[in-house]
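In what follows, every heavy atom counts, from backbone to side chain, and hydrogens, waters and symmetry copies are set aside.
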Amino acid sequence: MRDIRVDINGDIGESFGEYTLGDDENLAAVLSSANVACGFHAGDPRVMRKTVEICRQKNVSVGAHVGYPDLAGFGRRNMHCTPDEVYENCLYQISALAGFCRSAGIPLAHVKAHGALYNQAAGELALALAIAQAAFDFDPKLILLGLAGSLFEEASGIVGVKFASEVFADRAYQDDGSLVPRSSPGSVFH
């Protein structure tokens, strides 16, 4: 018999400065793993530290939620970054969150791209490879989370980083398995 496990994963730590977004304490209570914003699309050092501590207290596995440097657009605007820029930005964000994990005495477990970076990399192998390589270079034991059936899985195999496919319970899918763009009606289930 095959061991099948379901990880309930969510995005937290998206507040920054004077802006409070979401209810991290209560959401973390129902998660088994969390994608913590690393300051590029959301979050800031104070919020990252607090969010890692919440995860530690609630026994929630922590992952780096890496994104484009697009705080004003919440990381949802496509950017034209080279694979090298994506690699460097991701490695930087992973390293920053890992520092807070280390100080809290918990491991960093995974990496997941956010928003536009996630969607672009799901369909562009060079970007998926850059993210996978950043995760592997930081720590070969990290897991890369990505859209089931996307190029994240292929990139993970090429680089040698572990891969976990994910599905979204609150999102609509297109016929090719990609997410319906948020700009389309019915893309998010409420």
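The side-chain contact (heavy atoms from CB on, under 4.5 Å) check on I158 picks up L125, L129, E154, with sequence neighbours excluded. For H41, the ring-ring contact (aromatic ring centres under 6.0 Å, His included) partners are H65, F74, H114, not counting sequence neighbours. Here N26 pairs with D23 under the side-chain contact (heavy atoms from CB on, under 4.5 Å) rule; sequence neighbours left out. For E53, the salt bridge (Lys or Arg N to Asp or Glu O under 4.0 Å) criterion is met by R56, not counting sequence neighbours. With sequence neighbours left out, E85 forms a salt bridge (Lys or Arg N to Asp or Glu O under 4.0 Å) with no residue at all. Qualifying salt bridge (Lys or Arg N to Asp or Glu O under 4.0 Å) partners for K162, counting only residues two or more places apart in sequence or in other chains: none. When the ring-ring contact (aromatic ring centres under 6.0 Å, His included) test is applied to F40, the partners found at least two apart in sequence or on another chain are Y92. Considering only residues two or more places apart in sequence or on other chains, D44 meets the salt bridge (Lys or Arg N to Asp or Glu O under 4.0 Å) condition with none of them.
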Tell me, with the steps shown, if L117 and C90 meet side chain to side chain contact (heavy atoms under 4.5 Å, CB included).
CA-CA 10 Å; L117 178 59; C90 289; 4.1 Å; yes
With side chain to side chain contact (heavy atoms under 4.5 Å, CB included) as the test, would you mind laying out the steps for I131 and F152 before giving the verdict?
CA-CA 9 Å; I131 298 165; F152 282 115; 4.0 Å; yes
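Within 6.0 Å of NZ in K58 there are more than 12 heavy atoms belonging to other residues, nucleotides or ligands. The local environment of CZ in R77 is crowded, with over 12 non-hydrogen atoms from other residues, nucleotides or ligands closer than 6.0 Å.
Taking each heavy atom of L108 and A98 in turn, the nearest pair found is CD2-CB, 4.0 Å. Taking all atoms of both residues into account, the shortest heavy-atom contact from V62 to C55 is CG2-CB, 3.5 Å. Listed here is the closest heavy atom pair of S103 and F100: OG-O, 3.0 Å. Minimum interatomic distance between A42 and A37 (heavy atoms only, all atoms of both residues): O-CB, 3.3 Å. T51 and G13 make their closest contact through OG1-CA, 3.3 Å (heavy atoms, listed as atom of the first residue, atom of the second, distance). Across every non-hydrogen atom of V86 and A130, the tightest pair is CG1-CB, 3.9 Å.
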Under 3.5 Å, side-chain donor or acceptor atoms of residues 134-148 against the rest of the protein: list the pairs with distances, not counting sequence neighbours.
| residue | atom | partner | partner atom | Å |
| --- | --- | --- | --- | --- |
| D137 | OD1 | Q133 | NE2 | 2.7 |
| D137 | OD2 | Y87 | OH | 2.7 |
| D139 | OD1 | K141 | N | 2.9 |

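Sorted by first and then second residue, the ring-ring contact (aromatic ring centres under 6.0 Å, His included) pairs with a member in residues 16-35 read F16-Y19; sequence neighbours excluded. Each salt bridge (charged side-chain N to carboxylate O under 4.0 Å, His left out) pair with one or both residues in residues 118-135, not counting sequence neighbours, would appear here, but there are none. Sorted by first and then second residue, the side chain to side chain donor-acceptor pair (under 3.5 Å) pairs involving residues 104-113 (not counting sequence neighbours) are N35-H110, K112-E166.
When hydrophobic clusters are built by joining Ile, Leu, Val, Met, Phe, Trp and Tyr residues whose side-chain heavy atoms come closer than 4.5 Å, directly or via intermediates, V36 is not grouped with V47. No continuous path of ILVMFWY side-chain contacts below 4.5 Å connects Y68 to L71, so the two sit in separate hydrophobic clusters. Hydrophobic clustering (ILVMFWY, side-chain heavy atoms < 4.5 Å, transitive): V60 and V6 are in one cluster. Under the 4.5 Å side-chain heavy-atom criterion for grouping Ile, Leu, Val, Met, Phe, Trp and Tyr, L21 is not connected to V66 through any hydrophobic cluster. By the criterion of side-chain heavy atoms lying less than 4.5 angstrom apart, applied directly or through intervening Ile, Leu, Val, Met, Phe, Trp or Tyr residues, M79 is grouped together with L151 in one hydrophobic cluster.
In this structure, Q93 contributes its side chain and G67 its backbone to a donor-acceptor pair below 3.5 Å. A donor-acceptor distance shorter than 3.5 angstrom exists from the side chain of S32 to the backbone of I8, with no hydrogens or angles considered.
When side chains are defined from C-beta on, I12 counts as touching L31, because their heavy atoms get closer than 4.5 Å.
Rounding to the nearest 0.5 angstrom, the gap separating the CG atom in D11 from the CG atom in N9 is 6.5 Å. The CG atom of N119 sits 10.0 Å away from the OG atom of S150 when rounded to the nearest 0.5 Å.
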